[in-house]
Amino acid sequence: MTGPDGQPVDLMKEVISLSKQRGFVFQSSEIYGGLKSCYDYGPLGVELKRNIMNEWWRAMVHERENVVGLDASIIMHPRVWEASGHLSSFSDPLVDCRNCKERFRGDKAPRAAMSAEVEYPEGGKKKGKMLKGLVDERGYVCPNCGSPDLSPERNFNLMFRTSLGSVDPMQEVAAVLAGKSLTAEEIRKILDEKVKETAVYLRPETAQAMFVQFQNVQQSLALKIPFGIAQMGKSFRNEVTVEHFIFRSCEFEQMEMEYFVEPGKQKEALEYWKNERLWWYQSYANERSKFRLRQHGPKELAHYADDCYDVEYDYPWGWGELEGIASRTDYDLKKHSEFSGAHLNYFDQEKTDPTTGKKGWRFTPYVIEPAAGATRATLMFLIDAFAYDSPRPDADGNVKLRRVLKLHPRLAPYKVAVLPLVKKEGMPELARELVQQFFREGINAKYDEQHAIGKRYARHDEVGTPYCLTVDGDSIKEGTVTIRDRDTTQQERIKIDEALLLVRKRLEKV
RNA sequence: GCGGGUGUAGCUCAGCGGUAGAGCACCGCGUUGCCAACGCGGUUGUCGUGGGUUCAACUCCCAUCACCCGCUCCA
């Protein structure tokens with residue numbers, strides 16, 4: 001992207017800097033030096049994120065007859081994660097290449113015959129001297145340089161483990177180990193056993209609660225298939241790498257929906273939801289061409305999925321994921337039935353059982369899951385909204401960079417700013433009264449009397465406030481205000497009563 | 001975790017082995033009345049953190065933390 005002066009601009013840097021300056025996103029615990037991948041949402045950030053999530057809830061739950069909500073505990077029974085496969089698949093064996101320093105997953109590395117002699121360039125560089133080595137008993141080489149000179153496999157548990165209960169399990173471990181002379185392996189075993197007694201995990205996805213509570217939700221509301229259960233909330237993953245500001249962080253917020261369908265209807269449902277979700281993003285964004293759907297290749301699919309589409313956005317660093325719409329088959333409900341002994345299935349009295357030919361069909365539903373990242377969506381909407389106002393030279397002829405967030409009015413933290421032109425002659429009083437009128441309508445308005453009027457316009461442009469209402473001398477005499485549009489900067493004089501209607505109209509559903 | 005880069009005022013950045021700087025922001029007074037206005041005055045710093053070398057370290061060395069760019073994982 002280029003600025004109004006034609007100079008190239010680092011869009012991410014600008015967004016991060018504006019986020020901090022205007023109170024959208026701060027680094028967590030900044031005064032202590034910050035904490036890796038943790039961020040706090042400031043006064044405006046919390047409004048933006050909450051607006052995004054509320055819009056999602058409205059589109060997914062409130063405006064649909066057959067989707068209901070759930071708000072589950074973040075900590076769930078540890079067996080949930082055994083059943084879901086997260087305990088095993090989230091602890092991937094990672095290996096470092098001693099030659100080129102690449103880190104990779106051992107199980108996904110290119111296979112090579114054990115004891116075979118292979119050639120590889122020194123340091124992984126194209127012009128590097130060719131070296132020779134023998135493939136060890138693991139039977140694979142570095143995917144980057146082909147070297148067999150590799151570190152041992154190390155397990156990385158991607159779930160946050162903690163213990164439920166006020167007694168510190170380490171105390172018991174210490175008691176068991178006291179006075180014993182043991183090998184590292186033996187200690188490890190004792191540790192694992194003791195820790196496991198009270199071990200619980202912070203959920204790595206909100207989805208599992210919707211499967212685990214499938215029966216309660218379905219029966220309590222007598223839901224008929226197809227139906228969906230939606231949930232928003234925090235999830236936690238010890239990511240190997242965190243990157244791009246709030247794009248990938250260990251603590252993140254999800255908006256997920258599990259849509260249960262009859263076996264055989266999953267393709268049709270996937271088709272519906274992928275288009276629905278793409279459109280949802282586009283309808284709030286400025287640049288629709290920056291979104292696309294991408295189907296996963298067979299190697300990309302998660303262990304539970306038979307098909308998957310990502311909604312991708314063209315971020316400053318390239319195309320990246322916003323949301324995954326996965327066809328999760330009947331994997332999760334079957335697994336939880338197996339592990340818990342509960343019968344997580346559905347009985348349809350009207351349908352004919354395809355295997356017996358008799359009326360009445362009991363089946364395990366198939367699941368389509370649109371799983372969105374709320375924190376990711378927040379970043380995306382900030383990037384999408386970021387723009388420069390047309391250049392305006394000041395009195396000295398210097399061109400000032402004026403940043404504007406062209407946020408959709410429904411997402412904007414403040415919907416309208418009410419500004420007294422000057423702090424006298426009854427203007428502040430009238431402006432404050434007007435703000436109260438907006439509050440009564442449930443519209444987040446902002447009273448602002450600090451600094452010159454031009455600065456206030458600029459400041460509200462920068463946080464995405466769609467409208468500024470200015471109270472001046474004529475307001476008192478004639479009952480009119482000027483209304484200024486963020487995107488055109490055009491002003492119009494209207495009756496005070498009209499202002500409320502105009503703002504309300506702009507906030508109507510897209 | 002590995003490799004490369006960065007860290008100085010609220011923001012953007014300059015600086016350098018010898019007294020910590022600029023622009024913007026912020027505060028006050030005055031003027032002004034609709035697009036980061038003008039004049040005058042003022043405030044702001046653990047130079048990321050800890051250690052070392054040195055008469056002297058923001059500057060050189062080591063460690064550490066955080067961020068950015070690659071690699072692997074994902075919403």
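Scope of the values below: all heavy atoms of this structure, side chains included, with no hydrogens, waters or symmetry mates. Lettering of chains follows the sequences in order, A, B, ..., and the numbering in each one begins at 1. In this text the structure is predicted, and so the values were computed from the model without any measurement.
- Remark: the A:Ser84 side chain and the A:Tyr304 side chain contain no N/O donor-acceptor pair separated by less than 3.5 Å.
- The pairing partner recorded for B:U12 is B:A22, the criterion being a Watson-Crick or G-U wobble arrangement whose two distances lie under 3.5 angstrom.
- Summarising the geometry, the separation between NZ on A:Lys13 and C1' on B:C67 is reported as 11 Å, rounded to the nearest angstrom.
- Contact annotation: the side chain of A:Tyr272 never approaches that of A:Ile368 to less than 4.5 Å [non-hydrogen atoms, C-beta and beyond].
- Checking B:A37, B:C34, B:C67 against every side-chain atom of A:Ala452, the shortest atom distance belongs to B:A37.
- Of the candidate nucleotides B:G33, B:A75, B:G70, B:A75 has the atom nearest to the side chain of A:Glu239.
- Applying the Watson-Crick and G-U wobble criteria (two distances, each under 3.5 Å), B:C47 pairs with nothing in any strand.
- When both distances must be under 3.5 Å, the Watson-Crick or G-U wobble mate of B:C73 does not exist.
- A:Gln21 contributes no side-chain N or O that forms a donor-acceptor pair with the base of B:C11 under 3.5 Å.
- In this structure, a donor-acceptor pair under 3.5 Å is absent between the side chains of A:Ser327 and A:Gln266.
- Here A:Tyr457 does not lie in a stacked arrangement on the base of B:A36, lacking the combination of planes under 30° and ring centres under 5.5 Å apart.
- Listed by residue number, the members of residues 41-48 of chain A with any heavy atom below 4.0 angstrom from RNA chain B form an empty set.
- Of the nucleotides present, none pairs with B:U54 by Watson-Crick or G-U wobble criteria with both distances under 3.5 Å.
- A donor atom on one side chain and an acceptor atom on the other are found under 3.5 Å apart for A:Tyr388 and A:Glu14.
- The nearest whole Å value for the distance from the OH atom in A:Tyr32 to the P atom in B:C67 is 18 Å.
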